Protein chains: 2
Amino acid sequence: MSSQYTFTGQYSFNIDSKNRINIPAPLRKQFSNKDKKTFVVTRGIDSCAWIYPITEWKKIQSELQQLSSLSKTNRIFLRNHLRHANILKYDSQGRFVLPQSLIEYASIKKDITIIGVLNKIEIWNTKLLNEIDKSDNVNDQSYDQLSERVNI
Amino acid sequence: MSSQYTFTGQYSFNIDSKNRINIPAPLRKQFSNKDKKTFVVTRGIDSCAWIYPITEWKKIQSELQQLSSLSKTNRIFLRNHLRHANILKYDSQGRFVLPQSLIEYASIKKDITIIGVLNKIEIWNTKLLNEIDKSDNVNDQSYDQLSERVNI
DNA sequence: TAACATAAGTGGTTAATAGTGGGTTAAAAT
DNA sequence: ATTTTAACCCACTATTAACCACTTATGTTA
């Protein structure tokens, strides 16, 4: 599934006393009019928060709608993915308030790093990201597997 | 079957001394005029209560009518879903009183957590949900199977 | 390269809404 | 008739969202 969004780059910001985070202007500019400044923040798979523009999120959502709640696996999966998904808008200054639950999940303190990763934006505790960056050596074998699918 | 409803997010509330529960404003706002503040609360498949906006419930009902009562599974499923279904309205403050039978079924005490799960809303005993969240490890294999269908 | 102009980021205040509690009236049951 | 229960309404408080203003950075033009 390909996306219209190709977020890239890395930006340093502070979260303010009201838990507001500024979406970097270069990323914000990519939001289409259709999105109407609306997006979904949710738990990332690593300890960070993920942002999807709402039109992008709806694609994911329509896939989730195919899953029947009669299956236990599906129920748990749906619950755990949807309960942390917050639909938000950024204000006229390009900011939004990050929900408390995600602040805790991503260990957000003051210094944050925002990264563009194609169809999503990641929000990290700067310190945490740097530590992971050093320690998280993906072994060569997994890259080999990847190479069969992705041609860089 | 896709739905017009796409409830998401998680909200913490208290049930009050009159057994009233507040439907979180963000979820309430999604109710269409057609629903006229009316919805169905019933037993969830796990120990929680499920809320469907009335227009959504009617769709489900017509699907349930397709199920033959010759199957035992069907009979049990139909019984449990239909006998506990209460048609209710929320008041001008957005609250409704949760029937005693569902309070017992979902072990509702004071602290409750409300979760949006696409076409339905779940009401949980906060403590219970957290416990299940930890213990209910769906094995990786089932998620692997899921991954073939859902691309997040 | 200096001055200006524009855009981006930051902080705070105000206004609106959501959540909560309680009270009153109407209905129901004993 | 009295008590209990439920629906409806009103009011207070806390939280959230919208708005305004200032500062810093970037970029453009003389």
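Chain naming here is simple, since letters A, B, ... match the order of the sequence lines and numbering starts at 1 in each. As the structure is a prediction and not an experimental result, all values here were calculated from the model.
A donor atom on one side chain and an acceptor atom on the other are found under 3.5 Å apart for B:Lys120 and A:Ser69. When only modelled atom types and interatomic distance are considered, A:Ser3 and A:Glu56 share a side-chain donor-acceptor pair under 3.5 Å. A donor-acceptor pair shorter than 3.5 Å cannot be found between the side chains of A:Asn80 and A:Arg43.
At a non-hydrogen distance threshold of 4.0 Å, nothing from residues 102-118 of chain A comes into contact with DNA chain C.
Side-chain atoms of A:Asp91 come within 3.5 Å of backbone N or O of A:Gln93 as a donor-acceptor pair. A donor-acceptor contact shorter than 3.5 Å is absent between the side chain of A:Asn22 and the backbone of A:Arg95. A donor-acceptor contact shorter than 3.5 Å is absent between the side chain of A:Asp35 and the backbone of A:Lys37. Panel note: side chain B:Ser101, backbone B:Pro99; no donor-acceptor pair is recorded below 3.5 Å. B:Tyr105 contributes a side-chain N or O that, together with a main-chain N or O of B:Gly44, makes up a donor-acceptor pair within less than 3.5 Å.
Shown here is B:Ile45, whose CD1 atom has more than 12 heavy atoms of other residues, nucleotides or ligands within 6.0 Å.
A straight line from CG of A:Leu98 to P of D:dA17 spans 13 Å, rounded to a whole angstrom. The CG-P distance, from A:Asn14 to D:dT23, rounds to 18 Å in whole Å. Atom CD1 of A:Ile15 and atom C1' of C:dT10 are 13 Å apart (whole Å). When the P atom of D:dC19 is taken as reference, atom OH of A:Tyr90 falls 15 Å away, rounded to whole Å. As a whole-Å value, the separation of A:Leu88 CG from D:dA17 P is 8 Å. Between A:Asp16 atom CG and D:dT23 atom C1' the separation is 15 Å, expressed in whole Å. Distance NZ (A:Lys37) to P (D:dA18): 10 Å, rounded to an integer number of Å. Between the NZ atom of A:Lys89 and the P atom of D:dA17 there is a distance of 11 Å, rounded to whole Å.
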Polar-atom pairs under 3.5 Å, protein N or O versus N or O of nucleotides 6-8 of chain C: list them with distances, or write none.
unit_1	atom_1	unit_2	atom_2	d
C:dA8	OP1	A:Lys29	NZ	3.0

Please tabulate, one pair per line, each protein N/O and nucleotide N/O from nucleotides 4-13 of chain D that are separated by under 3.5 Å, including the distance.
unit_1	atom_1	unit_2	atom_2	d
D:dC8	N4	B:Arg20	NH1	3.4
D:dC9	N4	B:Gln93	NE2	3.3
D:dC9	N4	B:Arg95	NH2	3.3
D:dC10	N4	B:Gln93	OE1	3.4
D:dC10	N4	B:Gln93	NE2	2.6

Determine, stepwise, if the pair B:Ile112 / B:Asn125 fulfils side-chain contact (heavy atoms from CB on, under 4.5 Å). CA-CA 5 Å; B:Ile112 59 169; B:Asn125 173 324; 6.0 Å; no
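Aromatic ring centres of A:Tyr52 and A:Tyr5: separated by at least 6.0 Å.
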